[in-house]
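Each remark here refers to the structure printed beneath this line.
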2 protein chains.
Amino acid sequence: MKHFSEITPAAARIVDAAESLIRSVGYNGFSYEDVSRMVGIRKPSVHHHFPTKGELGVIVVQRYTHRFTERLEEIGRLHETAAGRLQAYCDLFSETYATGRSLCICGMLGAESNAIPDVVQVEVRRFFEDNAAWLADVLKQGAQAGEIQLKCPAGMLADYLLSALEGSMLLGRGRQIDQGPQHVAEVFLASLR
Amino acid sequence: MKHFSEITPAAARIVDAAESLIRSVGYNGFSYEDVSRMVGIRKPSVHHHFPTKGELGVIVVQRYTHRFTERLEEIGRLHETAAGRLQAYCDLFSETYATGRSLCICGMLGAESNAIPDVVQVEVRRFFEDNAAWLADVLKQGAQAGEIQLKCPAGMLADYLLSALEGSMLLGRGRQIDQGPQHVAEVFLASLR
DNA sequence: GTCTATATCTTGATAGAC
DNA sequence: GTCTATCAAGATATAGAC
């Protein structure tokens with residue numbers, strides 16, 4: 001299987017379509033036919049770039065995780081305080097949800113975990129581990145600097161915040177409302193003061 | 001469409017199977033063939049009880065919501081304090097997840113919201129609204145009684161807790177770990193003191 | 001309530017030409 | 001890189017017998 005960084009422009013358009021479809025209807029909710037329609041090519045042309053659906057799924061998640069990681073690094077550079085970093089992190093989710101009630105790719109695939117190829121599942125897991133570790137780190141640094149007070153272990157709080165963010169998107173979509181992760185940062189940060 | 005309370009024992013076994021399948025692989029992850037295998041009858045026999053998949057989905061969610069509501073009433077009777085009620089509420093989710101990393105039916109269907117029949121979506125929405133209202137009520141009563149301190153509006157906190165619970169199941173499954181909603185009550189209640 | 005048989009469509013995937 | 005043609009399997013669903 002090729003690496004996501006080596007894909008051609010034609011393949012990238014397919015990955016774009018697949019990413020958008022997974023966000024909206026999930027891995028088991030879209031087909032090669034859907035992708036081909038969105039990109040404007042025929043089904044076998046999609047298979048030419050990604051022989052199996054599993055390979056396509058893997059590339060989608062790998063590229064997503066890579067881009068997300070870049071945003072995390074950017075947040076680290078732009079914000080000095082834990083509160084600032086956590087707020088910016090939550091904003092990533094708010095912005096995603098604000099775009100047509102889009103879910104996090106890995107939130108969607110996490111729910112579908114039992115019904116997707118193992119190779120895709122592995123990538124989803126990596127995304128969550130990376131995010132939980134990054135959040136725990138931000139919380140620990142903030143506590144050491146005396147900016148925030150941790151009433152629970154940092155790892156537990158990190159998991160908790162990530163859960164609330166992913167869950168708020170799921171809830172918002174399920175309730176068919178525009179209110180998604182917008183309040184999560186507010187409530188979470190209030191609990192650290 | 002018939003009401004969930006009027007289903008025959010044969011139909012109930014089909015609903016059991018469908019509920020378990022939705023929990024595990026989602027609405028778009030199971031087929032009538034899967035149901036027929038689990039129940040031990042043929043596909044057309046499943047259609048005899050539930051002509052369309054949408055009708056089956058509706059009955060699954062209606063029964064689930066009804067049972068869940070009964071548990072909420074029970075919690076109201078058994079526990080006097082807000083903390084006790086919230087802890088018992090969180091335990092409902094923990095117990096579900098502890099059973100083979102099962103998700104909440106409506107958490108799963110909330111994610112799949114864009115890819116399920118409208119009639120099912122309506123039921124999912126009702127479940128979330130009911131739960132959010134119940135939680136907001138518990139929080140309000142607890143605050144009035146002076147048991148807990150609300151740093152944010154009750155409705156916002158209710159949504160937040162529900163998000164964290166649903167999200168923690170999704171996260172746990174995505175990370176393939178047994179740790180699910182167990183810590184949510186702990187962290188949430190700590191933030192109210 | 002359950003069955004066999006069947007219809008119709010969609011799905012993921014391949015062969016081979018241009 | 002894209003196409004037409006094709007396939008085998010699976011999906012939802014119906015007809016009609018027992």
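Chain letters run A, B, ... following the sequence lines, proteins first, then strands; residues in each count from 1.
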State whether A/S31 places a side-chain N or O below 4.0 Å from either non-bridging phosphate oxygen (OP1 or OP2) of C/dT10.
no

With respect to the phosphate group of D/dT12, does any side-chain polar atom (N or O) of B/T52 fall under 4.0 Å of OP1 or OP2?
no

Here's a test of your reading of the structure: between B/A10 and A/F50, which maps to the more 5' nucleotide of DNA chain C?
B/A10

Between CD1 of A/I41 and P of D/dT4 the distance, given in whole Å, is 12 Å

Would you tell me if any nitrogen or oxygen in the side chain of A/S45 comes within less than 4.0 Å of OP1 or OP2 on D/dG1?
no

Grab the CZ-C1' distance between B/R37 and D/dG10 for me, whole Å please.
11 Å

Which of the following nucleotides, C/dT4, D/dG1, C/dA13, is nearest to the side chain of A/T8?
D/dG1

Atom-to-atom span, OH of A/Y32 to P of C/dG12 - whole angstrom
8 Å

Would you mind classifying the nucleic acid contact of B/F30 as base, sugar-phosphate or nothing, using non-hydrogen atoms under 4.0 angstrom?
sugar-phosphate

Measure from NE2 on A/H47 to C1' on D/dT4 and round the result to the nearest Å.
15 Å

Restricting to non-hydrogen atoms, name the atom on B/R175 and the atom on A/R125 that form the minimum distance, rounded to 0.1 Å.
O-NE, 3.1 Å

OP1 or OP2 of D/dG1 sitting under 4.0 Å from any side-chain N/O of A/H48?
yes

In plain terms, say whether B/D34 and B/R37 are close enough for a salt bridge, that is, a side-chain N and a carboxylate O under 4.0 Å apart.
yes

Take the protein atom CG of B/D34 and the nucleotide atom P of D/dA9, then report the distance between them rounded to whole Å.
17 Å

In whole Å, what is the span from the NZ atom of A/K43 to the P atom of D/dT4?
13 Å

Let me know the distance between CD of A/E55 and P of C/dA13, rounded to the nearest Å.
9 Å

Set out, in order, the CA-CA distance, both residues' side-chain angles and the distance that settles side-chain contact (heavy atoms from CB on, under 4.5 Å) for A/M108 and A/Y27, then state yes or no.
CA-CA 8 Å; A/M108 190 68 174; A/Y27 185 87; over 6 Å; no

Can you work out whether A/G40 or B/G54 has the more 5'-proximal nearest nucleotide on DNA chain D?
A/G40

Sidechain N-carboxylate O distance under 4.0 Å for A/R63, A/E19:
yes

Taking OP1 and OP2 of D/dT2, is either one under 4.0 Å from a side-chain nitrogen or oxygen of A/H49?
yes

Rounded to whole Å, please give me the gap between CD in A/E33 and C1' in D/dC3.
14 Å

Evaluate the side-chain contact (heavy atoms from CB on, under 4.5 Å) criterion for residues A/T52 and A/E55: first the C-alpha distance (whole Å), next the side-chain angles of each, then the deciding distance (0.1 Å), finally the verdict.
CA-CA 5 Å; A/T52 71; A/E55 290 179 62; 3.3 Å; yes

